[in-house]
Amino acid sequence: MRLSQILISTLREDPADAEIPSHKLLARAGLVVKIAAGVYTFAPLMWRVVKKFAQIVREELDREGANEVMLPIIHPKELWVSSGRWDRYVTDGIMFTLKDRKGSEMCLGPTHEEVMTAYVNAQVNSYKQLPVNCYQIQDKFRDEIRPRFGLMRGREFIMMDAYSFDADPKGLDVAYQKMHSAYCRIFDRCGLQYTVVQADSGAIGGAGSEEFMVIADSGEDAILHCKESGYAANVEKATSRLPDAPPGGDVRPLSKHSTPDVRTVAQLEAFFPGWVAGRMAKTLLYKATWKDKDEVVAVMMRGDLEINEVKLVNALDCLAVRLCTDEEIQATTGAETGFAGPVGLREQVRLLADESLRGRTNLLTGCNQSGYHCLDVNLGRDCRMPSFHDLRLARAGEGCPISGKPLQLARGIEVGHIFKLGIKYSKAMGATFMDQGGKPVPFVMGCYGIGVSRTPAAAVEQSFDEKGIVWPVAIAPFECVVAMLDPKRPEQQALAEKLYAELQAAGVDVCLDDRALSPGAKFKDNELLGFPVQVFVGRKAAEGGVEFLVRKGMVKSECAAGEVKAKVLAALGR
RNA sequence: CGGGCCGUAGCGCAGUCUGGUAGCGCGAAUGGUUUGGGACCAUUAGGUCGCCGGUUCGAAUCCGGCCGGCCCGACCA
């Protein structure tokens, strides 16, 4: 390919609306162009990147026996009603919906469990046809609350989504493991530095769930990990060894104390010398939302620890939680914010507590009376016994659950997610096959996603310098560029053409920069665009000399034209 | 949806406080000179200052409403 024939428009300045490096660089290189918030055009060179990545995904999935299909973008409402997700997605506003000329409601697919399940259900009738794994690479549409960071969180984006169908959970385990290895090969081939972390399976449900995270400062997810044991988990899911707290000692009688204007754990520590946070139990009130109701619940946590709201949602099996407002707290407890507690809490209010409080004696808590706290509270004696759950937010520095070594915090970009769905969708949608006994049984499903437009952005986030993008070889728009610095000089043109042809013949994905730009502009442009290997044919062309640049690390050298092929192949690792 | 900020030429911005002929840099076009780090000179094109309404002799500028965008938060198969 000749760059003179490709639409390339680089910018000298960063676009005003870009924040993180990958967004700035992709926009400045003219690789992506925004058309609306979270909606982008992919320029020719960027489309080559996406296609290369998609091809890697295909090759590795096909190797595991998955089938590529193409599903519709437009889905009928009925399909989503059948899985029970229409109302939720519409209420959350995440789904783009539309009506056809007859007034029938449709949506633009935000994900494809329904369509794929319906498809496979129609085709597969017998256990003899299982297992099946189908995937597609296609645009997805989500009306994100806040699109941001360019391709990282768009409203239209490209995703690979795969769905496995098995006869039983054992089959699912096999399918899941195959996808796990395929994913590792995919991200390895792209040269990405990534971590596989345990993840919350969230609203989609199911047993196991792991996320593939590209480590980057701009990542939207927080990860806790331990080098020693290899433990790694999304903070939403992570656990740690419970930090020590002083024992409460033998059970003592309850006492109530005036604590005017003392509302927080820190203030209580100052007010009651000797009562450290670890001996307190704070009580937070949450408004929890279920499909059919809202309810205020009280959640107790040891004073020195924090609540993980994702775990709380899971414990309550609700759709969402949020902290109560001051008014709601007043209405529920009869006291101002800062004095809620288990003692004297109305019977109707459900009471949960973190495992860290199990068996603890002589706690300091609120008692639902403004200006008062209680000392030596004992759960079950002075108040109801709460139901205990793991509700604690694991924090960096706390002990790894496996090795006990301090957990490290990192930020990650989620580029892949694999789930064991089980029979959640197949059961809801009545998607079944005949088992050996001739009885209809729901498919045991897994679902697997890779952010196909997000991953290249994540690659840039992990690989750039002050000059621009440094593409990994596997997904670079071209592996190599041969640039003639002055196309008007016949000897430069001839030599560049010769090298270009030679590299093409050697199987290198090479382009020829024959654009009518000044040498300086050409250097800058190619550095910004980030081709891994760059060959410049300039003033030494007459003597058969060229310059050679390995973009990663900006390693420059000169060599004779005859050595170019060998040097390029070596730089590309062949 | 809450908090903060921004919409002026293709891009980046000044001008808005204090109302009075719409500017700068980059980019684009034409001609010429150039060709090793985003070249130089000359000429040119390009804007109903986001939209609607109000105040005023007069509005990019003041007031009100709406739309769009960015950041923080909540949210996120």
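Proteins get letters first, then strands, A, B, ... in listed order; numbering begins at 1 in each. Both backbone and side-chain heavy atoms feed into the values below; hydrogens, waters and symmetry mates do not. Model, not experiment: these values are computed from the prediction.
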I need the [atom1]-[atom2] distance between [X] and [N], as an integer number of Å.
X	N	atom1	atom2	value
A:R85	B:C76	CZ	P	14 Å
A:D17	B:C13	CG	C1'	15 Å
A:D143	B:G69	CG	P	10 Å
A:E220	B:A74	CD	P	11 Å
A:I94	B:A74	CD1	P	16 Å
A:D221	B:C75	CG	P	13 Å
A:I35	B:G68	CD1	C1'	14 Å
A:D14	B:C26	CG	C1'	14 Å

_On RNA chain B, compare the nucleotides closest to A:A18 and A:R322; which residue's is nearer the 5' end?_
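Nearest-nucleotide comparison on RNA chain B picks A:A18.
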*Electrostatic pair A:D200-A:K237, nearest N-O below 4.0 angstrom*: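 Between A:K237 and A:D200 there is no salt bridge, as every charged N stays at least 4.0 Å from the carboxylate O atoms.
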Please report the distance separating the [atom1] of [N] from the corresponding atom of [M], rounded so that it comes out in whole Å.
N	M	atom1	value
B:C11	B:A28	C1'	11 Å
B:A60	B:U16	P	14 Å
B:G15	B:U8	P	14 Å
B:A14	B:C24	C1'	7 Å
B:A29	B:C76	C1'	47 Å
B:G10	B:C57	P	35 Å
B:C62	B:U21	P	16 Å
B:A42	B:G27	P	15 Å

*Do A:R153 and B:C76 share a donor-acceptor pair, side chain to base, under 3.5 Å?*
yes
Partner residues of [X] under the side-chain hydrogen bond (donor to acceptor under 3.5 Å, both in side chains) criterion, sequence neighbours left out:
X	value
A:R515	A:D513, A:D525
A:R148	A:E220
A:Y119	none

_Those residues that, when tested against A:E461, pass salt bridge (charged side-chain N to carboxylate O under 4.0 Å, His left out) (two or more places apart)_ =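 By the salt bridge (charged side-chain N to carboxylate O under 4.0 Å, His left out) rule, A:E461 matches no residue at all.
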_Backbone N/O of A:R2 and side chain of A:D514: donor-acceptor pair under 3.5 Å_ = no
*Is a side-chain donor or acceptor of A:K282 paired with a backbone partner of A:L305 at a separation under 3.5 angstrom?*
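Pair found, side chain donor or acceptor close to backbone of A:L305.
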Pairing partner of [N] (Watson-Crick or G-U wobble, both distances under 3.5 Å):
N	answer
B:U18	none
B:G2	B:C72
B:U61	none
B:A39	B:U33
B:G12	B:C24

*Report the nucleotide, chosen from B:G69, B:C11, B:C76, that has the shortest atom-to-atom distance to any side-chain atom of A:E13.*
B:C11
Show me, pair by pair, the donor-acceptor contacts under 3.5 angstrom made by side chains of residues 537-548 of chain A, not counting sequence neighbours?
{"residue": "A:K540", "atom": "NZ", "partner": "A:E558", "partner atom": "OE1", "Å": "2.8"}
{"residue": "A:K540", "atom": "NZ", "partner": "A:E558", "partner atom": "OE2", "Å": "3.2"}

_Ring-ring centroid check A:F536 A:F523, cutoff 6.0 Å_ = yes
*Output yes when at least one side-chain N/O atom of A:R148 is less than 4.0 Å from OP1 or OP2 of B:C71, else no.*
no
_Under 4.0 Å from OP1 or OP2 of B:C76: is there any side-chain N or O of A:R146 that close?_
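Looking at the OP1 and OP2 atoms of B:C76, neither is under 4.0 Å from any side-chain N or O of A:R146.
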*Contact letters for nucleotides 32-42 of chain B, in which S counts primed atoms plus P, OP1 and OP2 and B counts the base, heavy atoms under 4.0 Å*: --BBBBBS---
